[in-house]
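Written below as structure tokens is the structure these notes are about.
Residue numbers begin at 1 in each chain, while the letters A, B, ... track the order of the sequences.
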Amino acid sequence: MEIYSTLTRSKEDFKTINDNRVNLFVCGPTVYDDAHIGHGRTYISFDTIKRYLEFKGYAVFYIQNVTDIDDKIINRSKESGIPSDVLARKFEKRYREDMAKLNVNGVNLFARATDHMPEILDQIQRLIDKGFAYETEDGVYFEIDTFEEFGKLSNRNVEELESHREIAETTKKNHQDFALWKKREGVDEPTWPSPWGDGRPGWHIEDTAITEFYFGEQYDVHGGGLDLIFPHHEAEITQMEAVSGKSPMVRYWLHTGFLNVNGEKMSKSLHNFITIRELLESYEPDTFRFFVLSTHYRSPIDFSKDSLHQSERSLDRIRKYYEQLDVEVGDEDFECDALVPHKEEFFASMDDDFNTPKAIAAIFGLINDTKNDLDGFSESDKIAIKAFMDDAAHILGVSFELQDVNAGSDDLLNLISEVRSELRANKQYDLSDKIRDNLQALGYEIND
RNA sequence: GGCAAGUUUACCGAGUGGCUAGGUGUGUGGCUGCAGACCAUAAUACGGGGGUUCAAGUCCCUCACUUGCCUCCA
């Protein structure tokens, strides 16, 4: 299996640190507002990656941090009058509800920044002791001049950064130095005690404190959105490798591409900001999930109604095929000659840096090859195909079951359907078509 | 200004130098009383210009354009 790492900008063989164990960390949200469809894209991607690694037999431990103390939360708290901890818990809860609806359920541990203060303080102290960090009147900062490799992930060097930056009033030695600890600024903000006075942690330190605590100094995979490469992930590498003296902190850096809306960046000022909750008022979660997986996770993806509709139709075709597999999958494994090449392509595609669009194409290859011959297939052949389809559905995290819009009203519908059949037999098409039109308007599908 | 990712047919979207990607939509035919669904079939393609090669969407150079990051951001 090959995985693309941002650090080397190339695909690499996937080799874990400990046999079949994968320690996976993905940057979670800052919980100050509802999650949007861009979050959805990223977390669906990593959920699918986790599902596939587990399918391959790895024991994956997936941690996501939750930034529950931060400027945005404090600002929102001041605006709304809701205490910052209450606010953060509220949006964390809503985030997790949204993810559950998208069938994103692979995270083993949500680690809140505020639950890891001892680890954060300890890591900052060690950075100071080792001479990588220093205290000023308003905080504790990492001194980037002490770490030569700063910039290796984002491919930047310090000189370039300095030349295009406005120099603000600061107590820092170098304006690239980033905060590990921010001392209290006002009376109405949440603080924690520290050797450097009451305050709160900087943004980057929570992640490395958390990963060091659970995974140790080095681990397998770190993921997040493309926008986190600089400065966030760069800072993480810097802190952790400085404190441990070991490199690399992470073997594979995975970054998801951005989700744009109608070709533009999603932002509140452009009024094209769509939350997951809003989306799910109009669309089935699987439709969005299938839409996301129809593009490779590293590519930018453009959200539009039209594209979502295309995904809906595509998924529907898979479901109609799946419904024809009228067999029960048991414990016994079967082989089917017609399945083999498509199954192989599916897994080869997933092995190639989680190429889900290609894997989906393999499913359609199977469908096109076999859809007209299924009646002639033996039961064991059909079981083999269905077992594969079940695996694929599980890996992609979408259901291949035809969504039963008629559920719960079978008797009534059967009655209506019978009446309509009689009308048609008597060539009373005016009435039968009226029934059909009305049923379709209600969302029912009619197959004569 | 620096860094990064892109530009594939009507749309979405894969593509490891030679072999039909796939989906959606559209056309045509079939099935239908008609429409849909379903089945069959068809068409349209690699941003521009150079180069390497027997062979380039794929490698190299160059130009143009798009987007993102460089400030909180999935």
Listing time: all N or O pairs from protein to nucleotides 37-41 of chain B that are below 3.5 Å?
{"unit_1": "B:A37", "atom_1": "OP1", "unit_2": "A:R313", "atom_2": "NH2", "d": "3.3"}
{"unit_1": "B:C39", "atom_1": "OP1", "unit_2": "A:K371", "atom_2": "NZ", "d": "3.4"}
{"unit_1": "B:C39", "atom_1": "O3'", "unit_2": "A:N372", "atom_2": "ND2", "d": "2.9"}
{"unit_1": "B:A40", "atom_1": "OP1", "unit_2": "A:N372", "atom_2": "ND2", "d": "2.7"}
{"unit_1": "B:A40", "atom_1": "OP2", "unit_2": "A:K371", "atom_2": "NZ", "d": "3.2"}

May I ask you to say what [X] touches in the nucleic acid, namely base, sugar-phosphate or nothing, with a heavy-atom cut-off under 4.0 Å?
{"X": "A:F291", "answer": "nothing"}
{"X": "A:S349", "answer": "nothing"}
{"X": "A:G38", "answer": "base"}
{"X": "A:D71", "answer": "nothing"}
{"X": "A:L259", "answer": "base"}
{"X": "A:K72", "answer": "base"}

Sub-3.5 Å pairs of nitrogen or oxygen atoms, protein against nucleotides 15-18 of chain B:
{"unit_1": "B:G15", "atom_1": "OP1", "unit_2": "A:N355", "atom_2": "ND2", "d": "3.1"}

From C-beta outward on [X], which listed nucleotide comes closest to its side chain: [options]?
{"X": "A:T42", "options": "B:A74, B:G2, B:G68", "value": "B:A74"}
{"X": "A:Y43", "options": "B:G68, B:A74, B:C11", "value": "B:A74"}
{"X": "A:S432", "options": "B:C3, B:G33, B:A14", "value": "B:G33"}

- Decide yes or no, distance alone: a donor-acceptor N/O pair under 3.5 angstrom between the base of B:A35 and the side-chain of A:R436.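 Side chain to base: pair present.
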- Message: If stacking means aromatic ring centre less than 5.5 angstrom from the base's six-membered ring centre, planes under 30°, is A:Y429 stacked on B:G33?
- Response: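 According to the criterion (under 5.5 Å, under 30°), yes, A:Y429 stacks.
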- Where does RNA chain B pair, written as one dot-bracket string 5' to 3', with Watson-Crick or G-U pairs under 3.5 Å, ( ) inside the strand, [ ] for crossing pairs and | for another strand? (((((((..(((.....[...))).(((((.......)))))....(((((..]....))))))))))))....
- Roughly how far apart, to the nearest Å, are B:C63 and B:C3 at atom P?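 So the two P atoms sit 14 Å from each other.
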